[in-house]
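Following: one structure in structure tokens, then a few remarks.
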Protein chains: 2
Amino acid sequence: MGTTQLEPVPEPKYWHLKTVIGEALDSDFAVGEILPNERELAARFGVARATLRQALEQLELEGRLQRRRGVGTTVAPPRVGVDVSTSPNDWPGAAGDTWQAVGCSPAVPPAAVARVLDTEGDEPVHIVRRLLVSHGQPVATELVYVPGTSVPDLSGIDAPSGATRARGVLRELQRLPLEGQDRAVELGSARADDARELDRLPGAPVLVVTTRYFSEGRTAIASVATYRADTCRLTFGDSGDLEIRHDGRRRAS
Amino acid sequence: MGTTQLEPVPEPKYWHLKTVIGEALDSDFAVGEILPNERELAARFGVARATLRQALEQLELEGRLQRRRGVGTTVAPPRVGVDVSTSPNDWPGAAGDTWQAVGCSPAVPPAAVARVLDTEGDEPVHIVRRLLVSHGQPVATELVYVPGTSVPDLSGIDAPSGATRARGVLRELQRLPLEGQDRAVELGSARADDARELDRLPGAPVLVVTTRYFSEGRTAIASVATYRADTCRLTFGDSGDLEIRHDGRRRAS
DNA sequence: GAGTGGTCTAGACCACCGA
DNA sequence: CGGTGGTCTAGACCACTCT
């Protein structure tokens, strides 16, 4: 990546920069390699740092770069495919579920959640917090909203909160007949607490997967899962190795 | 939304701004209403315009605002749910498909696509371009990559290119037995051509849905669909009215 | 032409990380 | 501590849309 002068083109500088750097990433850098710092890069391309940052932001959004404050900018590995297929027609916490229960506490759900649960707006539900770790990295957090009516018998569970109780609530859930589910995916930005757990800054782009689980003709539970959009690719169906966007990347030495 | 002074807090100004404006959106504005312009808002909150823009960008990313150059910033309607469920186990272009075929031309697919299609890297395929319109707005573009071997008999199709040929290729596809499909969703940024069709600027955030269709033990076709991330919520399953993220929005008068 | 959002600059300081 | 990316400023000019 030499001292490339950007020829004057009608397209925005940051867009052109993104293309140029993106190509350099494919040809001159290996996964995990550290890029020159932003001030240096900006000087090299003859643009202000803010302009350069706009290009890097886009590349990070596309999962091609990873930036960490105090450390530097590195070439990101390909996105990890996370299976969110509906085929394991199971409740959260079923056998084979790879999420880690983190905690559980009773609370009044947000109004929008209460609405899909068909509960009263001020009726507290069990909120189970879970974390999904893949390749040693946290990739998603989830809040599972469980109305008391869906787990009527919690007598066997001593723990008042925490991971143990979370697992207990999810275990209790397995006794309900699951009749179907309903899912939506949309773009969001990480709330402060999610961001902390996902090792990102607040506002980082995330894929929000909202699921409704039906049992006995009503919505038994609802869950909102938040996936890191920069590092994840959500997969539906049997094969998680579908990769179609980028190529030509070398592996780290 | 008065001349609110931001109290000095440890969190970034733009983050706090986003919260404040977001709340004002819920309580003081109707869908479709125009906000004061950026210079005015920045002055009101006592911040630089760039800082204000950072907040607006986040709100736009979350689908709560819509900004158009030369026009202004308006309050966005709730995201439209787009059904991408796998249940209509059908090829693209099957009966009931609401996409509009735009064109079709032979071309060598990108290397990454050729790989999943199991074709030679330099073998041209039919590339069908389609557009999905919802509520009068274009919400997605799609490229369907069809190897010649999947539509061996195109003799009935006169049109050399264009929408007519696109429909012909898709019609021919229906004769193949569909054995399954495979899907992935990830975040991307709009290429220049997609952006134009979606009425957005290049680099706008999009949800990229990549699908592989299997027939007779191999990948018969592949498709890459690009949805506007700001206005769309992808839904899987029977109910497209699942909305769980925001509430309290009034309707435009 | 007037007014909007989009791009860009050249600085400054802050928060965080690792040696 | 020095170096990194993150935040913020106060300007300027451009591209676009409406009237």
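Lettering of chains follows the sequences in order, A, B, ..., and the numbering in each one begins at 1.
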What is the distance from CD of E38(A) to P of dC17(C), rounded to the nearest Å? 16 Å
Would you please confirm or rule out a distance under 4.0 Å between OP1 or OP2 of dT4(D) and any side-chain N or O of R67(A)? no
5' precedence on DNA chain D between E57(A) and A50(B) (nearest-nucleotide basis): E57(A)
Please state how far atom CZ in R53(A) lies from atom C1' in dT7(D), giving the value in whole angstrom units. 8 Å
Counting only side-chain heavy atoms from C-beta out, which of dC8(C), dT9(D), dT4(C) sits nearest to R39(B)? dT4(C)
If the cut-off is 4.0 Å, is N37(A) near the phosphate of dG3(D), judged by side-chain N/O to OP1 or OP2? no
When you check the phosphate oxygens OP1 and OP2 of dG11(D), does a side-chain N or O of R49(B) lie under 4.0 Å from one of them? no
Gap separating the CZ atom of R233(A) from the OG1 atom of T210(B), nearest 0.5 angstrom: 8.0 Å
How close or far is atom P of dC8(D) from atom NZ of K18(B), stated in whole angstroms? 14 Å
Roughly, in whole Å, what's the span from CZ in R69(A) to P in dC13(C)? 18 Å
Take atom CZ of R68(A) as the centre, draw a 6.0 Å sphere, and report whether it contains more than 12 heavy atoms from other residues, nucleotides or ligands. no
Decide yes or no for V209(B) and L234(B): does some side-chain heavy atom of the first lie under 4.5 Å from some side-chain heavy atom of the second? yes
Rounded to whole Å, the CD-P distance (Q66(B) to dG5(C)) equals 13 Å
Provide, to the nearest angstrom, the distance between the CG atom belonging to L52(B) and the P atom belonging to dC8(D). 12 Å
K13(B), nearest nucleotide to its side chain (from dT9(D), dT7(C), dT4(D)): dT9(D)
According to a strict under-4.0 Å criterion, is T73(A) in side-chain N/O contact with OP1 or OP2 of dG5(D)? yes
So does T51(A) get a side-chain nitrogen or oxygen closer than 4.0 Å to the phosphate oxygens (OP1/OP2) of dT7(C)? no
Strictly below 4.0 Å: does Y14(B) bring a side-chain N or O up to OP1 or OP2 of dT7(D)? yes
Looking for any heavy atom pair under 4.0 Å, which part of the strands does R68(A) touch: base, sugar-phosphate only, or nothing? sugar-phosphate
Which heavy atom in V133(A) sits nearest to a heavy atom in Q100(A), and how many Å separate them? CG2-NE2, 3.9 Å
Whole-Å distance separating the NE2 atom of H16(B) from the C1' atom of dC8(D): 16 Å
Atom CD of E60(B) and atom C1' of dG6(C): how far apart are they, to the nearest Å? 11 Å
What heavy-atom pair brings Y227(A) and L132(A) nearest, and what distance separates the two atoms? CE2-CD2, 4.2 Å
With a 4.0 Å cut-off on heavy atoms, is L56(A) in touch with a base, just the backbone sugar-phosphate, or nothing at all? nothing
Identify which nucleotide among dG5(C), dG5(D), dT9(C) has an atom closest to any side-chain atom of V47(A), counting heavy atoms from C-beta outward. dT9(C)
